[in-house]
Structure formats: structure tokens, C-alpha cells
Protein chains: 4
Amino acid sequence: MPRGRLRDLGLSSGVLPTARWNAITDVAGVAVGYATLIRDEPAIVRTGVTAIWPRHEGIWTDAVFAGFHSFNGNGEMTGLPWLAEQGMLGAPIAITNTFSVGAVRDAICAFAVREGAPQPFHLPVVAETYDGWLSESETFPITAEHAFAALDTAASGPLAEGNVGGGTGMICHEFKGGTGTASRVATTEGESFVVGALVQANYGAREMLRVDGVPVGREIGFSLVPSHRGGEAGSIIVVLATDAPLLPIQCRRLARRAATGLAWAGGFGANGSGDIFLAFSTANHLREGDSLATVRTIAPARMTPLFQAAAEATEEAILNALIAAETMTGRSGRTAYALPLEALTSVMRRYRPA
Amino acid sequence: MPRGRLRDLGLSSGVLPTARWNAITDVAGVAVGYATLIRDEPAIVRTGVTAIWPRHEGIWTDAVFAGFHSFNGNGEMTGLPWLAEQGMLGAPIAITNTFSVGAVRDAICAFAVREGAPQPFHLPVVAETYDGWLSESETFPITAEHAFAALDTAASGPLAEGNVGGGTGMICHEFKGGTGTASRVATTEGESFVVGALVQANYGAREMLRVDGVPVGREIGFSLVPSHRGGEAGSIIVVLATDAPLLPIQCRRLARRAATGLAWAGGFGANGSGDIFLAFSTANHLREGDSLATVRTIAPARMTPLFQAAAEATEEAILNALIAAETMTGRSGRTAYALPLEALTSVMRRYRPA
Amino acid sequence: MPRGRLRDLGLSSGVLPTARWNAITDVAGVAVGYATLIRDEPAIVRTGVTAIWPRHEGIWTDAVFAGFHSFNGNGEMTGLPWLAEQGMLGAPIAITNTFSVGAVRDAICAFAVREGAPQPFHLPVVAETYDGWLSESETFPITAEHAFAALDTAASGPLAEGNVGGGTGMICHEFKGGTGTASRVATTEGESFVVGALVQANYGAREMLRVDGVPVGREIGFSLVPSHRGGEAGSIIVVLATDAPLLPIQCRRLARRAATGLAWAGGFGANGSGDIFLAFSTANHLREGDSLATVRTIAPARMTPLFQAAAEATEEAILNALIAAETMTGRSGRTAYALPLEALTSVMRRYRPA
Amino acid sequence: MPRGRLRDLGLSSGVLPTARWNAITDVAGVAVGYATLIRDEPAIVRTGVTAIWPRHEGIWTDAVFAGFHSFNGNGEMTGLPWLAEQGMLGAPIAITNTFSVGAVRDAICAFAVREGAPQPFHLPVVAETYDGWLSESETFPITAEHAFAALDTAASGPLAEGNVGGGTGMICHEFKGGTGTASRVATTEGESFVVGALVQANYGAREMLRVDGVPVGREIGFSLVPSHRGGEAGSIIVVLATDAPLLPIQCRRLARRAATGLAWAGGFGANGSGDIFLAFSTANHLREGDSLATVRTIAPARMTPLFQAAAEATEEAILNALIAAETMTGRSGRTAYALPLEALTSVMRRYRPA
């Protein structure tokens with residue numbers, strides 16, 4: 001069975017409709033790029049960088065509102081003090097492996113210098129999950145050039161998933177994990193907004209994995225494909241984008257709902273997991289040099305469909321990462337096995353009422 | 001079919017074992033009492049007070065460590081500044097209706113005066129959910145005496161559920177809601193700890209309700225029993241207790257996992273919902289007048305089974321509230337219908353593989 | 001020397017100009033009312049309620065943006081979850097004594113019912129400081145009627161200070177404390193905004209008191225007037241108002257600067273002190289029933305003068321409370337002595353260069 | 001007048017006694033090292049790295065408890081999610097310039113690999129202030145080797161101050177700023193604890209500078225030495241260490257008091273300032289591999305003297321940075337002038353009563 005996405009298998013989760021690409025790039029202006037490193041010399045490396053432009057044009061001088069939630073903070077996300085303080089984000093976001101957060105963080109500053117961004121300094125948001133089980137990450141393989149490549153190649157439209165970008169060496173629910181994305185359209189008072197999610201999924205025990213509530217992980221068990229890395233390691237980074245007009249404090253509210261989507265897929269924030277979520281809204285503009293901005297905010301009561309959309313998009317992005325990711329062998333001959341798709345669809349059929 | 005608890009129906013959720021009573025009172029020393037007001041004169045009232053003693057003996061002079069998480073803060077929980085500051089709780093906890101938080105809060109102070117507690121002042125934790133759909137809560141029916149009654153009658157052992165205490169007038173997933181409880185035993189490195197949950201469940205849309213992943217709410221729909229209050233109103237308060245030796249910061253970590261159990265049952269923190277969670281540990285002692293305390297803390301890695309236990313206990317406590325609560329008619333002739341148990345068990349059977 | 005305000009003594013602190021009344025009521029639309037209880041039967045009571053209307057007209061249906069900071073959370077402020085969640089405040093604020101927070105909190109709900117506020121429930125902000133050294137506060141003397149009186153009598157214009165409202169029984173830097181207020185005009189890019197502060201000052205050791213940097217407390221010492229309550233007890237509540245267009249997250253930033261003004265006066269948040277600060281902006285309107293609001297926000301860089309204004313107004317409000325408050329004798333014959341004004345001005349002269 | 005420290009000038013601030021070195025290294029086990037880069041080729045660079053070992057021996061396998069406070073988050077401090085989550089710190093801390101946070105952060109991970117630290121990954125705390133006014137920081141001059149040098153040369157005992165380490169290119173209150181340190185002994189119930197502070201001071205307007213309450217900045221003005229960089233830029237990082245037995249939540253309380261010391265020196269967190277504070281306690285031990293730790297915590301009431309000590313040590317560390325730092329000329333021929341010491345002592349004399 002060829003790998004693809006959840007909906008390619010005739011499966012689905014959640015109830016809200018997806019937007020065009022069922023990807024974070026359904027939020028207009030958002031662009032995503034990857035740098036993927038898969039090489040065996042001079043070290044065995046399975047890693048990469050994912051770059052997300054909240055505005056592909058103009059982010060350096062036209063910040064977006066943003067907020068975060070650390071559901072289980074055994075991980076790193078840089079840039080948090082300014083997000084907590086003022087809720088503005090004026091640089092692209094990146095996700096990479098744990099040992100390379102710093103290299104990618106400084107690289108975004110260097111990229112800003114290269115682009116001629118007018119500010120004297122930058123506080124970019126860079127997050128990580130750990131890929132050292134498959135990759136010799138202690139060799140520090142990521143350089144500024146990889147970050148530049150991810151930033152330079154970012155595009156809108158449909159996205160590659162699975163073993164790409166920062167998600168290259170990930171393991172999720174004891175299957176091969178990686179990068180995944182999804183989106184939802186949330187309608188409130190006749191107006192529709194898009195909520196998109198992109199995840200770097202590297203967490204979870206197999207027995208906890210659920211697909212639309214079905215205990216797929218428990219049913220598949222370990223007979224078809226073994227697991228050699230325990231389920232408590234790892235992390236998940238979730239980036240949520242929306243075109244709904246939100247204030248920073250509302251972005252933070254949205255970010256918190258990634259915990260709901262994560263729960264639906266079977267994650268509960270094991271101690272070792274850095275489960276940190278970022279949400280941004282592209283609907284308001286705060287241009288460098290403006291002394292006053294007029295911005296819009298939806299009434300609080302209208303957040304509810306956005307919350308549901310954020311939870312659903314997160315859940316499906318995780319499933320898409322699992323379904324796209326292919327079996328990978330890395331350091332020390334270790335293999336992380338892909339989620340067996342026929343087993344998945346078989347279990348799903350058994351659990352559906354006739 | 002007589003009402004009871006989830007497991008009375010031959011159903012279950014989660015994988016960890018329950019403790020003796022499958023209740024928050026499985027944590028030694030925890031006691032719970034209720035005052036329940038169901039009367040039609042002078043006003044139609046369906047309300048009450050739930051009191052939880054973290055230590056039935058000695059709480060005034062031997063604080064417990066505690067922490068909280070506000071998943072969606074459209075509600076009230078008093079006492080938060082000191083919990084955030086120092087993570088100590090030196091008074092009983094109470095849950096009541098939205099309009100009576102103040103009365104119950106001051107009543108706990110008065111109770112402390114009556115008991116001769118040595119401190120000059122108290123910062124009790126009192127939370128609320130809204131019962132004004134069934135109860136004329138704007139008549140402010142709760143008095144200090146009701147709070148005293150709940151405090152005075154608190155006991156350990158098995159607990160009443162459903163339409164009792166602060167949960168009397170609740171509605172959950174558009175069925176009659178109320179008070180529920182459950183517990184789990186979490187084993188780490190050969191040592192077993194109890195995590196107990198008590199919820200006052202008053203949130204959620206019917207279509208979102210899940211039992212062990214099965215979309216029970218969607219399947220039952222509205223044909224058997226209607227719903228007259230929308231699913232976006234309401235709130236859920238979760239109180240978690242454990243005998244694991246946790247620091248305040250670890251109690252806060254535990255509290256955050258109530259969001260996972262809530263997600264499993266179908267709650268995602270709608271805007272109108274005050275979803276606020278409190279967790280405390282009885283394992284350490286900080287006695288009034290001691291200048292130095294020696295306390296124990298489990299290694300962070302051992303939190304994982306406690307997290308799972310907290311999520312599972314929360315989920316099952318919600319289901320127990322729904323299963324115990326009986327149909328109730330209140331103000332303006334409004335009726336909140338109980339979850340139809342035969343429909344529930346029928347749906348569960350259909351979704352289980354042969 | 002007649003009591004009055006800092007500037008009546010020819011003294012000043014800070015550098016920014018004051019607004020018209022040098023009071024929180026300089027922010028247009030803000031109104032303040034007091035209920036003051038000074039009686040010896042049936043119990044010796046020195047207490048009261050201070051009510052602050054962020055909008056004297058329309059607050060129930062036109063919320064203000066707000067944020068808080070708990071510098072030392074050994075105190076109570078209700079309403080925090082919704083402030084943290086959405087940063088909106090749709091009810092008057094009150095400050096009272098520690099034992100009566102609940103009574104006043106519920107009274108504001110009852111007042112909303114009386115006024116016909118359209119929302120089904122309310123989450124009012126009520127804070128406290130402890131007056132049990134002078135007042136038999138364990139007799140719970142405050143009733144809903146006192147809260148109503150403070151709410152009903154609120155007005156704009158100059159304010160009474162010292163032994164009034166919630167500040168009646170306060171002690172500050174081991175002198176008689178109480179209620180104080182001040183304001184500043186902050187100009188940024190040619191536009192002027194008002195920042196006003198109102199404090200209920202009940203904290204601090206005498207030796208730490210400073211006036212414009214001069215160690216007044218240390219110099220006055222204990223020879224003129226003794227101190228019978230230690231300096232570690234007590235608390236300070238600071239309410240900041242501004243007409244600058246701030247988002248909720250910016251209100252929180254403003255609130256944090258009360259710690260700076262407090263430091264200048266000599267407070268560092270002793271353990272027993274509940275030092276909790278609230279800030280709100282009247283410049284934006286979020287009307288009940290609106291589905292979308294267009295709001296304004298000043299650029300982050302323009303916050304700096306507001307921060308300085310908040311710090312200066314807080315400092316001077318504390319000094320005004322001390323200078324206005326008169327010696328008071330209360331329970332058990334205890335006396336809290338007023339700051340001796342001639343000693344104050346004498347010390348200030350000695351520390352000023354010729 | 002030779003540069004030195006506050007007390008070398010016959011001046012002092014605060015009332016608590018200093019410990020032996022009047023430095024953060026007075027907390028036993030704490031070591032500090034610097035790498036200082038002052039060169040004109042190939043780029044004009046005035047920067048460096050400051051490394052702080054919370055335990056000079058064993059930090060990789062014996063974490064300290066820690067907490068942070070972001071008073072004004074316009075800056076970066078990595079490692080915050082795990083500090084917020086579990087309050088443990090298992091790596092050395094570093095402070096550098098804004099553009100090099102990433103390089104130093106990854107370098108600490110590389111150092112851990114070199115040292116054979118047993119954990120698979122690390123979440124080091126690295127903070128920054130901006131030195132781009134004097135240094136061509138956009139050339140990214142800091143490499144891993146500089147971080148290693150700071151780490152390798154760390155020692156206990158008296159510390160260099162002023163233009164050293166990460167503080168090399170700093171400007172403070174519009175004078176030359178830099179690195180400063182101080183300590184206090186806090187006695188509670190007959191037991192003495194040390195609180196030490198180290199600051200990287202790069203903030204503030206000249207007119208706000210105060211020394212022991214005296215408006216030194218306003219008095220010195222701009223006639224003796226000009227200022228070419230405005231007072232709103234910049235930041236201050238404060239690291240507090242103590243040997244008092246604190247829980248993580250108590251470390252966070254301590255960190256918050258750096259805002260008090262900062263206020264006394266004249267800082268109020270201007271918008272552009274990244275004022276982020278870290279506090280750690282060396283008194284408890286949490287060894288890698290231990291499943292349970294027994295730790296001590298002082299009673300909350302005993303925190304008060306520690307709070308005062310933290311505020312005083314922060315204030316004096318700032319003043320020491322200003323007094324030690326020498327005039328420096330950097331990029332584009334710009335000069336940051338040292339605080340003129342004779343003017344300082346002259347103003348102090350004028351403001352002291354005869």
C-alpha cells in the first residue's frame with residue numbers, strides 16, 4: 001500500500017472540513033521549506049530543518065501576533081520571552097533537532113542581516129525534537145546553510161510530509177514519525193477562517209495511539225513491526241496558523257488546544273516529552289515604524305470553532321506524519337519502522353459498526 | 001437500567017487499575033462532603049456545595065503541596081495567587097455554583113475561625129460551575145451554613161455521584177451532568193501511588209462525547225432525549241489528589257493532564273467553559289511553625305505513569321458523573337435529561353469488534 | 001501640620017507631570033466610591049470597601065482590556081482566570097479586607113443582577129489586604145450593602161485618601177496606611193496619555209520607607225511614634241488605569257511596573273505580603289454582542305513612558321496614602337500611628353543639597 | 001581615581017552584610033569564567049561570554065533547583081520551558097551577546113558531550129544582551145571555542161567586573177556598563193544564607209540612575225561625559241545564586257526580587273529592555289538516576305530576608321558593573337564613557353546630611 005495521507009486511506013478524523021491543501025499553507029501567506037540531511041558519511045545523520053514563514057513576504061517589518069503553550073516543557077523553544085511579553089513575532093520560525101537549535105536560531109539572525117531587516121536585533125522562534133536515536137546528532141551536523149536552504153526554498157501549496165526537514169529522524173508512538181500537516185475551516189457567524197497545523201511528531205507509546213478514537217496502537221501491537229525505542233522519549237512541536245483576527249492573548253488560547261488534538265492521537269505529555277505549541281494569526285498587521293496599529297479581534301465566544309479546528313488539525317497532522325513516514329535505518333543499524341498501513345486500515349474496519 | 005458507574009455497566013476506559021473505591025478518597029486522608037439543595041420554594045433551586053479536605057485531619061496546620069492549570073479560564077477559582085506563589089494549600093477546597101463562590105470562600109474562613117486555626121488569615125480555594133439554567137442561582141441560595149454542612153459531613157470511602165453537592169444542577173455534553181470521581185494506581189519502579197479525581201462536569205457538546213474513543217454522543221444524537229441548553233456553555237472543575245511525593249511544581253504538571261482526560265471524553269475547552277484544574281499531593285508535610293521542612297520528590301521521569309493516571313481518572317470521573325446523574329427538571333420547567341444508559345451500552349457494543 | 005498629600009507638603013517624587021486631580025479618576029470615565037466602617041459595637045471594626053468603575057457607564061456591556069501581575073501572591077484577587085485567559089474585565093473592581101473578599105465578590109454579581117446586566121454570569125475582580133490588627137475582621141462585618149454603597153456612591157474627580165474604604169484599617173511601613181492615589185501624564189510621539197494609580201497600602205518595614213530616594217523610615221525611626229505591628233505582615237493592592245490604547249498583553253506589562261514604584265517607596269514583597277497589581281485600559285471598546293471589535297494598540301516602543309508613569313504613580317499613591325492617613329486606635333486598644341509630617345519634611349530638607 | 005567597586009569608593013547601598021568576596025562566588029560551589037573578545041580585525045568586536053557553573057563539580061549529574069522571572073521579555077533566555085516545567089537546571093549557564101545565544105547554547109551541549117555527560121540531550125540556559133552599538137556583532141564573532149574557554153577557566157573567588165565576558169560591550173544608564181557582582185548574607189532564625197548576584201548590565205536612561213537613593217544620574221547629567229546611545233535600548237540579565245534550601249517555586253520567587261534591586265538602581269524595564277532574571281539554589285541535590293530525592297525547604301516566612309538580600313545584591317552588582325567598567329571605543333569610532341567616579345562621590349557627599 002503506497003504511503004500518503006490519512007484521507008488517502010479512506011480514513012478521517014474530526015468533523016470540520018479541511019481547507020484546500022489540508023496543510024498549514026492553507027493560511028494565505030504562510031510558506032514552508034525543508035532542508036533534509038540523510039547521509040552516512042562522515043557521520044550517520046538523519047536530520048534537517050523545517051522553516052515556516054508566518055508571512056512569506058514582509059515578516060521582518062510586519063509582525064504577526066502569536067502566543068505559545070508549553071504543555072510539557074522538556075524541550076526547547078527559543079523566543080519565548082518576547083512572545084510572552086508582547087505576543088509579536090517578526091521572523092520566520094524553524095524546527096530542527098535538539099542539538100542544533102542554537103545554530104538555526106543564530107542562522108535566522110544572520111538571514112535577517114542578509115535580507116537587510118531594519119531591526120538591530122531579532123528574537124526568532126526555533127524549536128526542536130530529539131533525533132539522536134537514529135542520527136549522530138552529537139556531531140552537530142546542522143549549519144547555517146541548512147537553515148538558509150529551508151528558508152530559501154519555502155513555498156505555499158501542498159507540503160511534503162514524513163521524513164522531511166526537522167522531522168527526518170523522528171519516532172512517534174514507536175513507529176517512524178516525522179513532519180505532518182493538516183487544516184480545518186472553522187465557520188462562525190457565517191464567516192469562515194482557516195486553522196492550519198504543522199507538527200514535528202516524535203513522542204508517544206505505541207499502545208496509546210488512537211485514530212478517530214480507535215485503539216490502533218494497542219491492536220497493532222508489536223507483532224508486525226517491533227519497536228526499539230521506548231515510548232517515553234521524544235517530543236512534539238505543534239505550530240498553528242490562522243487567518244482569524246486574533247489578539248496575542250487569543251493566539252495563546254488557540255495554542256493550548258494542540259493538547260486536545262494530541263490527546264486524541266494518544267499523547268499525554270510523558271515526562272521526557274517537550275510538547276510545546278505555537279500559534280499565530282496573520283490577520284493583523286503591525287508594521288515596523290508604525291506608532292499605532294488598528295487591529296481586529298473576534299469576540300471571545302467565536303473562539304470555540306477555532307479551538308475545535310486547532311484540535312482537529314493537530315490530531316490529523318500527527319496522523320499524516322505517521323502515515324507519510326517511511327521505515328528508516330540510521331545510526332548503529334537501528335531501524336524505526338513505519339506504521340503498517342494495511343494493519344491500520346484493517347483495524348479501522350473492524351472497529352467501525354457495520 | 002439502574003444508574004450507577006461506568007464499570008457497573010460492564011464498560012471501562014483507560015488501562016491502569018483503579019484503587020479500592022475508584023474515587024478521590026482512595027488517596028488516604030482525603031475526605032469529601034456534600035450539601036445538596038433541591039427545593040422549589042421560595043425559589044427553584046438546584047445547587048449545592050462540594051467540600052474536599054486534602055487532609056481530613058490537620059489541614060489548617062499542615063499544608064499540602066498543590067498546583068493548578070487553567071485550561072480555559074472562563075470561570076473562577078479563588079486562592080490562585082498563593083498556589084502560584086508558593087504552591088501550598090492549608091484549607092479545605094470547595095466547589096459550588098458561580099454566584100456563590102464568595103459565600104463559600106468566606107465561609108471557609110469562618111470555619112477556620114470556628115475551628116481555631118492559628119493563622120490570622122486564610123486563602124481558600126473555591127471553584128465554580130454555572131447552574132443557572134436549572135437553578136434560580138441569582139437568588140443566591142447558598143449560605144455559610146451549607147458550606148459548613150458540606151465540610152462537617154465530609155468522609156472517606158465511596159462517594160455519591162451525579163446530582164449531589166456543587167454538581168447538583170450541572171449539564172454535561174448536553175445530558176444531565178454533575179459530580180463524578182474515579183482513581184488510578186500508577187506504578188513506577190515497583191512503587192505504587194494513587195491518583196484520584198473529582199470533577200464537577202458542566203461542559204460540552206453532545207456530538208463530542210466519547211467513551212473509550214467511541215463517538216457515543218454523535219451516535220445517540222438527539223432522538224431519544226432532546227437538549228435545550230447549548231453545548232458551549234458550562235465548565236468543568238477537576239480536582240486531582242495523589243499520595244505520590246510531589247513538589248508544588250510537579251503538582252502543577254499533574255494538573256495539566258486533566259486536559260488530556262477531558263479531551264478523551266470530548267471536551268476541548270469551549271470559550272464559555274471555565275476549565276480549571278487543581279492537583280495536590282498529600283505525601284509531604286509542612287507544618288505551621290516549622291522553620292524547615294524535609295520533603296520528598298520523585299524523579300521527573302517517574303511522573304509519566306502519574307500523568308497517565310491523572311488523565312484516565314479525569315476521563316472516568318466525567319463518565320461517572322454522566323452515568324450517575326438522573327434527569328432533573330428545574331427553573332421555568334426546564335429539563336436536563338440523563339444520558340440514556342441502554343443507548344450507551346448499545347452503541348458501545350456496536351463499536352467493539354466481535 | 002494638617003494632613004494632606006505629598007505635594008501639599010512641598011515634596012514630590014518622580015519626573016513626569018501629574019494630571020488634573022493627581023488621581024486614578026484622571027482617566028476619563030473611571031469612578032471610585034468608598035464604604036467606610038468605623039464602629040466599636042457590636043465589634044470593633046475598622047474596615048470598608050473601595051469600588052472602582054473602569055467605565056462608570058456601561059462596564060457591564062462594554063468590557064475594558066486588563067491584565068494583572070502577582071508580584072508576591074500571598075493574597076487574594078478574584079477574577080484572575082478570565083483576565084489571564086482573555087484579558088477582559090466587564091464589572092467594577094473592589095478592594096476590601098481579607099475576610100470579606102467573598103461577600104464583596106458575590107455582591108458585585110448581585111449588583112449586576114439588580115442593574116439588569118445581560119450576561120448570565122460575572123467574574124468580578126475583588127482584592128484584599130488584611131486589617132485584622134486594628135479590626136475584628138473575624139466578625140465578618142462587611143455585607144453586600146456596604147459593597148452596594150461603595151458602588152453606588154462612586155464618582156469621578158478628586159478622591160478621599162487615607163482611612164477610607166478598603167484602606168480604613170491599613171498599616172504601611174509601620175505607620176498608619178490606607179488608600180492613596182496619584183496620576184501621571186506620559187507623552188509619546190506628541191500624544192499624551194494618563195496613567196492613574198490607586199493603592200490599598202498595608203505593607204512594609206519602617207526602615208525601608210523612602211521618599212524620592214531619601215531613607216525617611218530609617219531616619220524617623222521609632223522614637224517619635226512606636227510601631228506595634230511588624231513590617232512583614234500586610235500587602236499592597238495596586239490598580240492602574242490608563243486611556244492609552246493597550247491590548248490585554250500590554251495591560252499586563254503595565255501592571256508589572258507597579259513593582260518598580262513599590263520598590264521606590266521601599267517595598268520588596270515580603271513573604272507575608274499579597275502584592276497583586278491590576279491594570280486596565282479604557283481606550284478600546286468590546287461591546288456585548290459585537291462579533292468583531294476593531295481596537296487600537298500603540299507600538300511596543302511607546303510603552304516606555306507609560307511604564308515610567310505607572311511606576312511613578314504607584315510610588316506617589318503609596319506616599320499619599322501614608323500622608324493622608326491619620327492615627328487610628330482599634331481592637332484591643334491597639335494604635336497605628338500616622339507618619340509624622342514634620343519629621344518627614346525635616347528629613348527631606350536635611351537630605352537635599354543646599 | 002582608580003576604578004574599582006562601590007565599596008572601594010567609601011560608598012554602599014542596602015543594609016545587609018556582604019559575604020566574603022561580595023560576589024556570586026560567595027555561594028559555595030559556584031564558579032564563573034569569562035571569554036573576552038576585544039579586537040579590531042577582521043571586524044571591530046567588543047564582546048564575550050560569561051559562564052556560570054551552579055555547581056563547579058557535578059552539575060551534569062546533580063541538578064540544582066532554579067526558577068526565572070521575565071520582568072520585560074524583550075530578550076532571550078534559552079532553557080525556559082524546562083525551568084518552568086520542573087525547575088531543574090543540569091548544565092552551566094552562559095550570558096553573551098544577542099546574536100550569539102545560539103552558538104553558545106549549542107556549545108554547552110557540545111561541552112557536555114566532550115565531558116561525557118550521561119544524558120542524551122541538554123537544555124542549557126543562555127541569555128543575552130545587545131552589544132551591537134560598540135561591536136560588529138552581526139559578524140557573529142563568538143564561536144564554540146569562546147564558550148569552551150569561559151567554561152574551562154571558571155573559578156571561584158573574587159571576580160573581574162566591568163568590560164569582561166558577555167558584559168564587554170555593554171552600556172548602562174548611558175555610561176559604560178558591563179558585568180558586575182555582589183552578595184549578601186541573610187539571617188533568618190539564627191541561620192545565615194548567602195545570596196549572590198551577577199548582572200550583565202546594558203539598560204537604562206542616565207537621568208534615572210540612583211545610588212542608595214541619590215539621583216546621581218540626574219545630577220551628573222551630560223556635561224562631563226556625553227551619551228550617544230539612548231537610554232531605552234539594552235537589557236539586563238540577572239543571575240541569583242543562594243545556598244538556602246529552596247524549592248523551584250521558591251527560586252522563582254527569589255528571581256522576581258531582581259526587579260526590586262533594578263528599580264533601586266533606576267531601571268523600570270523600558271520596552272526595548274530584555275530584563276530576565278534567573279535564580280538557583282545549590283542546597284538540594286537531585287542526582288541523575290536517583291528515583292527519589294529528599295530535599296529541604298525553608299518555611300515561606302523565612303523567604304523575606306532572602307528577598308531583601310536578592311534585591312540588595314542586584315542593586316549593588318549593577319553599581320559595581322558601572323564603577324568597574326572603563327571607557328570603551330568601538331565600531332564606527334563610537335565611545336561609551338565610564339561613569340565619572342569623582343563626580344559620583346561628589347554628588348553622594350552633597351546628598352548626605354552633614
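Computed from a predicted structure; not experimentally measured. Just so it is clear: chains get the letters A, B, ... in the order the sequence lines come, proteins before strands, and each one is counted from 1.
- If you measure heavy-atom distances from C/Val113 to chain B, the contacts under 4.5 Å come from the side chain alone.
- For the set B/Ser100, B/Ser70, B/Gly132, B/Ala84, the count of heavy-atom pairs under 4.5 angstrom toward chain C peaks at B/Ser100.
- Under the 30°/60° scheme for interplanar angles, the aromatic rings of C/Tyr130 and B/Phe121 are found to be tilted.
- None of B/Asn72, B/Leu80, B/Asn74 except one satisfies the side chain to side chain contact (heavy atoms under 4.5 Å, CB included) rule with C/Pro81; the exception is B/Leu80.
- Within the 4.5 Å cutoff, side-chain heavy atoms of B/Arg105 are placed close to those of C/Glu76.
- A distance of 9.0 Å separates CG in C/Asp275 from CD in B/Glu85, rounded to the nearest 0.5 Å.
- With respect to chain B, the highest number of heavy-atom pairs below 4.5 Å among C/Gly75, C/Gly274, C/Gly102, C/Ala112 belongs to C/Gly102.
- Taking B/Ala107, B/Pro120, B/Gly79 one by one and counting their heavy-atom pairs under 4.5 Å with chain C, the maximum is reached by B/Pro120.
- Between chain C and the options B/Thr78, B/Val126, B/Asn271, B/Val104, heavy-atom pairs under 4.5 Å are most frequent for B/Thr78.
- Contact annotation for C/Ala110: both backbone and side-chain heavy atoms come within less than 4.5 Å of a heavy atom of chain B.
- Counting only heavy atoms from C-beta outward, the side chains of C/Phe140 and B/Cys109 approach each other to under 4.5 Å.
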